[in-house]
Amino acid sequence: TDSSNSLTASPDKKLTTASASLGFHVYADSFFNDDVYYLAFWCRYAKDEDSPKIQWIELDFDPTIDYHRYTLKFLTQQAEGDTDPLAELRVDGSLRGVLTGIPTLSFGTKFSLGVRTRFGYVPPLPDPFNPISAYAYVSHIQLPTADARACHYGKPFYDFESHVISLEACVSSAPDTDNDCDVSSYTPLPLPCRPCLDACDAYDCSADCASDSGLRVQPFTIGSLALSPGSFELNDRDSGAPTRYFDPSTYYVHVRIRNGAGATSVSASSGVVIDTTPPVCTEVHQVDESWSLTEPALFQGTDRTLAAFWECTDNISGIVDFTWSVVRNSTDEVVAQGVLSSTEKSVVARNVTLAQKGVYVFRLVPKMAPL
């Protein structure tokens with residue numbers, strides 16, 4: 001609205017306001033006690049040069065139960081050679097109302113938000129010097145930029161449309177982005193593809209870049225590093241027998257980004273632990289399925305199956321899966337193979353063909369999980 005005058009509305013009352021304005025009211029209490037909720041979408045012209053417009057929209061939900069997104073969008077349409085301003089009202093992305101021929105709002109327009117209690121409820125006032133109050137926090141208000149200032153020239157350090165002009169990455173032993181990279185210095189990274197969307201992009205865009213590419217993951221590699229792995233240390237500070245604990249070596253990747261206005265921002269990755277200790281398998285045994293799945297066997301009486309069980313652990317990185325295979329010892333021929341999850345501790349290879357008096361070896365390769 002162009003002024004701060006009050007406004008009231010209801011299904012059986014007229015709007016009262018004094019200046020050009022446009023808005024909507026969400027009524028939390030239903031009219032006529034029929035459990036039907038309404039939304040009033042309205043506009044009023046300055047000095048009452050034209051009759052006000054109002055649309056009563058019946059809601060199919062109770063607006064007090066959950067959060068909802070209300071979007072008021074200003075548009076224009078061509079009507080009989082003239083440009084006709086209009087406004088759309090959407091609720092949770094669904095179009096609920098359209099007002100055409102709306103008034104033109106001036107640069108003195110103000111955005112206001114008002115609330116009232118449901119059913120006119122007046123809460124008790126235990127302390128008259130500290131009355132009950134309500135607050136509304138408004139964010140993400142976006143106004144279009146004037147065509148004459150599409151590139152924001154004249155505000156080089158307040159340019160929210162400058163694109164990325166440089167990417168750099170380094171490795172540090174700390175996640176604090178205020179500290180210098182103590183493992184490797186900043187290394188330039190290749191820039192992502194930038195589409196040519198308007199005239200402001202012409203100096204550094206690529207005609208081969210798709211305009212609808214959107215957000216993309218930008219992979220990169222930092223090489224020639226000398227990282228120290230974690231190690232096991234003895235903890236003899238406590239009384240009693242000393243215990244072994246793992247002392248991790250954690251590294252962080254810092255990425256620094258710079259835009260055309262010269263502003264920079266630095267982000268740090270989650271820590272990566274260098275673990276070169278392999279998983280430990282305390283036992284891997286083949287068994288004769290026809291006799292027992294838990295008793296190790298050196299011989300078996302069937303030539304159609306081969307089974308095994310194992311016990312493997314990795315207390316640092318953990319195990320993500322097992323790759324297993326059955327190999328004939330004399331020829332290295334792979335008879336059966338597969339991949340199992342880290343929770344499995346046994347396997348039975350069925351429908352295999354084993355040679356009489358042949359010697360077969362069960363091979364198990366545990367794979368560490370990435371930290």
Side-chain angles (χ1 to χ4, degrees), residues 1-123 132-147 160:
T1 178
D2 280 351
S3 68
S4 58
N5 294 291
S6 62
L7 178 145
T8 60
S10 65
D12 55 353
K13 293 182 180 180
K14 296 182 178 180
L15 295 167
T16 58
T17 187
S19 56
S21 52
L22 184 143
F24 63 92
H25 287 176
V26 180
Y27 286 87
D29 50 348
S30 58
F31 296 104
F32 315 117
N33 296 321
D34 56 357
D35 293 329
V36 178
Y37 302 88
Y38 292 91
L39 187 151
F41 185 27
W42 55 267
C43 69
R44 187 69 181 258
Y45 300 87
K47 300 179 182 179
D48 289 332
E49 294 177 351
D50 203 347
S51 300
K53 297 180 179 179
I54 184 169
Q55 289 184 7
W56 288 100
I57 303 168
E58 183 176 327
L59 300 177
D60 53 1
F61 59 87
D62 185 346
T64 65
I65 293 180
D66 203 352
Y67 290 98
H68 297 277
R69 182 186 295 272
Y70 301 89
T71 304
L72 189 60
K73 190 173 184 179
F74 294 87
L75 303 168
T76 58
Q77 67 177 1
Q78 295 294 327
E80 297 180 357
D82 296 329
T83 300
D84 184 24
L86 60 91
E88 290 183 352
L89 179 61
R90 295 178 179 268
V91 181
D92 298 328
S94 176
L95 181 63
R96 293 301 186 96
V98 176
L99 289 178
T100 60
I102 61 174
T104 301
L105 303 179
S106 71
F107 287 103
T109 299
K110 297 179 180 180
F111 173 82
S112 61
L113 178 67
V115 296
R116 62 182 179 88
T117 58
R118 193 176 186 184
F119 302 119
Y121 173 73
V122 179
I132 296 174
S133 58
Y135 299 91
Y137 298 91
V138 180
S139 63
H140 298 90
I141 295 180
Q142 183 175 352
L143 300 178
T145 306
D147 293 340
F160 53 82

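Remember, it's a predicted structure, so these values are computed and weren't measured experimentally. Residues: numbered from 1 along the sequence shown. We use all heavy atoms of the structure for the numbers below, so side chains are in, but hydrogens, waters and symmetry mates are not.
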Atom pairs and distances, side-chain donor-acceptor, residues 65-73, under 3.5 Å, sequence neighbours left out:
residue, atom, partner, partner atom, Å
His68, ND1, Asp92, OD2, 2.8

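- Remark: of the listed residues Cys43, Ser19, Pro85, Cys43 is the sole one forming a side chain to side chain contact (heavy atoms under 4.5 Å, CB included) with Pro103.
- Note that the CZ atom of Phe74 and the CG atom of Leu99 stand 10.0 Å from one another [nearest 0.5 Å].
- At a threshold of 4.5 Å between non-hydrogen side-chain atoms, the residues Leu22 and Phe41 count as touching.
- Annotation: side chain of Lys53 is in contact with side chain of Thr100 (closest heavy-atom distance under 4.5 Å).
- At least one side-chain heavy atom of Leu39 sits under 4.5 Å from a side-chain heavy atom of Leu89.
- Classified by interplanar angle (parallel below 30°, tilted 30° to 60°, perpendicular above 60°), the ring pair Trp56/Tyr27 is tilted.
- Note that CZ of Phe24 and CD1 of Ile54 are 13.5 Å apart. Values are rounded to the nearest 0.5 Å.
- Scanning both residues, Arg96 and Glu58, for their nearest heavy atoms gives NH1-O, 3.9 Å.
- Annotation: side chain to side chain donor-acceptor pair (under 3.5 Å) contacts of Glu88 (sequence neighbours excluded): Arg90.
- Although no hydrogens or angles enter the test, the distance criterion places no donor-acceptor pair under 3.5 Å between the side chain of Thr64 and the main chain of Asp62.
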